[in-house]
Amino acid sequence: YTWTNSGGATIGTSANISGIPAGVYYLEVEDGNGCTSDFGGFSISNPGAPVAPTLSVDDSTPCLDGSSQITITNIDGAATYAWSGPGGFSSSATSVTLNNVTVANIGNYCVSATVAGCTGPTSCQNISISPAPAVNVTAAGNDSTVCLNEDFSLTASGATSYAWSGPNSFNASGANQTVSNVTNASAGYYVVTGTDANGCSAKDSIEINILALPTLTLNTNGLNDTYCLNSLANINVTGAVTYSWTGPNGYSGNGSSINIINVGTTNVGYYSAIGTDANGCIATDSILLLLAPDPLVNTPNDTTLCPGDPLTLWASGGTSYTWEGPNNFTSDQQNPLVSTSMDFVNQGEYIVAVVDANGCVGSSSSYVTVTNSGDCLFIPNVVTPNLDGLNDTWEINGIEKYLNAEVEIYNRWGNLIYSISPYATPWDATVNKGATIDGKDGKVPVGTYFYIINLNEGDYPPFKGYIEVEY
């Protein structure tokens with residue numbers, strides 16, 4: 001047997017009940033086979049009993065963990081009140097409050113008034129729980145990993161209003177949020193509290209991880225990233241998985257290594273590598289490619305030498321030197337000695353290749369002419385004809401090449417004392433013109449004598465000068 005009142009509360013489980021207040025009651029009878037029949041309602045009145053309490057509730061459908069207050073509005077000061085409800089709830093107050101409501105609090109809360117031993121009808125208030133919103137937060141693209149310095153977006157759903165909190169003092173409201181230019185301080189849990197139209201709320205969160213950017217390292221095959229004109233430049237990069245390049249004069253490329261062919265002025269500048277790692281994070285680095293100036297090579301001007309002259313070449317502008325020239329001449333000296341006595345076989349172009357500190361190569365040349373011209377004559381200004389084997393005759397080097405040469409020697413009074421053409425036999429201080437010389441050897445005395453030499457070739461003027469005769 002199950003007896004219930006008008007509020008649906010069970011008031012007895014035996015065949016007979018007594019001591020119940022005025023009201024309407026219902027009976028359910030179940031036999032041994034589990035079959036049931038319902039009876040009633042049965043109305044019991046008590047003319048002397050107080051009226052049923054009138055109830056007011058502030059929220060009959062509170063949120064989970066919320067509260068609800070039920071209040072008797074027609075309080076009878078002479079009455080006592082008895083409450084009953086789910087989970088053995090009881091109270092004698094004129095107002096009851098349910099805090100931190102859970103599913104165990106769902107059901108009818110009934111109250112009756114008793115005056116002078118007479119109990120009046122029961123009034124009941126049903127309490128149910130409003131479901132919490134199903135709040136959900138997602139990251140754009142369902143990717144909660146973000147590269148350093150990039151942006152990420154979060155979206156909340158399932159409620160009508162949203163409040164956010166997160167790392168680095170993040171606070172915001174609204175369903176959609178974007179965090180820009182993230183740093184490592186942006187990593188962590190982002191929590192959203194969603195509230196629905198019933199005022200019920202729920203939370204969800206998502207962890208955002210910040211990925212480090214790849215660290216790119218750029219290198220070149222050039223000395224201090226500097227290249228010689230028309231050389232090949234190689235630039236390589238490490239630290240990522242895929243790479244793209246930009247550079248001067250509209251340059252673009254791909255791969256971990258690029259080549260710049262025939263480097264020139266249009267290739268000078270910054271080459272930037274954009275590297276992407278396995279996480280899709282991107283970093284950029286650049287390197288400055290420089291063009292070294294051509295070596296400034298200096299060598300002697302073209303020159304003319306006489307046979308027998310020495311020749312030492314020189315060069316500047318580099319750190320190493322390689323010379324080549326006539327008669328199979330080679331040298332790796334900066335200032336090589338070609339010959340102590342030049343001859344016609346040494347005549348020609350002498351070329352030097354110079355390597356500077358940047359490894360760049362430059363060259364220059366000097367043309368050396370060997371000629372037996374009048375300028376090559378060597379005319380001594382002293383003769384000592386004492387037969388000691390030293391300077392006994394007046395040797396004029398180079399005059400033997402001039403077969404029409406005339407040589408005249410005069411004393412201090414202007415008298416011609418010697419004349420010869422060609423000058424095949426060097427003068428030994430004897431006289432062959434004009435005056436005769438006393439003495440056994442017929443040689444002129446000590447003194448200063450004057451000469452005139454005519455080559456009688458080309459445009460050479462006469463060579464004039466003096467010669468000292470000493471014994």
Side-chain angles (χ1 to χ4, degrees), residues 1-31 35-133 159-160 195-202:
Y1 303 91
T2 302
W3 293 89
T4 57
N5 60 20
S6 58
T10 299
I11 61 171
T13 57
S14 60
N16 301 308
I17 58 174
S18 61
I20 59 176
V24 178
Y25 298 90
Y26 302 88
L27 174 64
E28 180 185 81
V29 178
E30 182 179 353
D31 64 14
C35 298
T36 61
S37 294
D38 295 323
F39 302 91
F42 304 102
S43 179
I44 298 177
S45 62
N46 187 348
V51 299
T54 301
L55 301 179
S56 173
V57 62
D58 62 352
D59 188 357
S60 63
T61 57
C63 303
L64 186 67
D65 295 324
S67 64
S68 179
Q69 185 179 44
I70 308 172
T71 302
I72 301 172
T73 60
N74 58 339
I75 298 172
D76 183 344
T80 59
Y81 297 93
W83 291 83
S84 63
F89 176 83
S90 65
S91 176
S92 60
T94 58
S95 178
V96 295
T97 300
L98 307 175
N99 293 313
N100 300 318
V101 173
T102 67
V103 292
N105 303 117
I106 296 174
N108 285 319
Y109 288 80
C110 299
V111 62
S112 61
T114 300
V115 177
C118 293
T119 301
T122 300
S123 295
C124 296
Q125 174 63 52
N126 183 262
I127 299 298
S128 62
I129 295 178
S130 293
T160 56
T195 302
D196 64 13
N198 296 318
C200 297
S201 61

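FYI, the numbering just counts along the sequence from 1.
For the pair Ile127/Ile70, a side-chain contact is recorded, criterion being any heavy-atom separation below 4.5 Å from C-beta on. Side chains of Pro133 and Cys200 form a contact here, defined as non-hydrogen atoms less than 4.5 Å apart. With a 4.5 Å cut-off on side-chain heavy atoms, Val51 and Asp76 do not count as touching.
How far OG1 of Thr2 is from CD of Glu30: 7.5 Å, rounded to the nearest 0.5 Å.
Residues forming a side chain to side chain contact (heavy atoms under 4.5 Å, CB included) with Asp31 (at least two apart in sequence, or on another chain): Asn33, Cys35. Listed by chain and residue number, nothing satisfies the side chain to side chain contact (heavy atoms under 4.5 Å, CB included) test with Ser18 (two or more places apart in sequence, or in another chain). Thr73 is linked by a side chain to side chain contact (heavy atoms under 4.5 Å, CB included) to Thr54, Ser56, counting only residues two or more places apart in sequence or in another chain.
In this structure a side-chain-to-backbone donor-acceptor pair under 3.5 Å is missing from Ser68 to Ser60. Of the possible donor and acceptor atoms, none in the side chain of Thr61 sits under 3.5 Å from a partner among the backbone N and O of Ser130.
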Phe39 vs Tyr1, side-chain contact (heavy atoms from CB on, under 4.5 Å): CA-CA, chis, key distance, verdict
CA-CA 11 Å; Phe39 302 91; Tyr1 303 91; over 6 Å; no
Would Leu55 and Ile72 count as a side-chain contact (heavy atoms from CB on, under 4.5 Å) if you check the C-alpha gap in whole Å, the side-chain angles of each, and the deciding distance to 0.1 Å?
CA-CA 5 Å; Leu55 301 179; Ile72 301 172; 3.8 Å; yes
Would Ser95 and Gln69 count as a side-chain hydrogen bond (donor to acceptor under 3.5 Å, both in side chains) if you check the C-alpha gap in whole Å, the side-chain angles of each, and the deciding distance to 0.1 Å?
CA-CA 7 Å; Ser95 178; Gln69 185 179 44; 3.3 Å; yes
Sequence neighbours left out, cut at 3.5 Å: what donor-acceptor pairs do the side chains of residues 103-123 make with other protein atoms?
| from | atom 1 | to | atom 2 | distance (Å) |
| --- | --- | --- | --- | --- |
| Asn105 | OD1 | Thr102 | N | 2.8 |
| Asn105 | OD1 | Thr102 | OG1 | 3.4 |
| Asn108 | OD1 | Asn126 | ND2 | 3.2 |
| Asn108 | ND2 | Gly7 | O | 2.3 |
| Tyr109 | OH | Asn105 | O | 2.9 |
| Thr114 | OG1 | Thr119 | OG1 | 2.8 |
| Ser123 | OG | Pro53 | O | 2.4 |

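Legend: ring-ring contact (aromatic ring centres under 6.0 Å, His included) pairs involving residues 8-27, not counting sequence neighbours: none detected. Residue pairs meeting the side-chain hydrogen bond (donor to acceptor under 3.5 Å, both in side chains) criterion with at least one partner in residues 84-93, sequence neighbours excluded, are absent.
Closest of all the heavy-atom pairs between Ser67 and Pro62 is O-CB, 3.5 Å. For the pair Leu98 and Phe89, the tightest heavy-atom approach, listed with the atom from each and the gap, is CD2-CE1, 4.1 Å. When every heavy atom of Trp83 is checked against every heavy atom of Thr94, the shortest pair comes out as CZ2-O, 4.4 Å.
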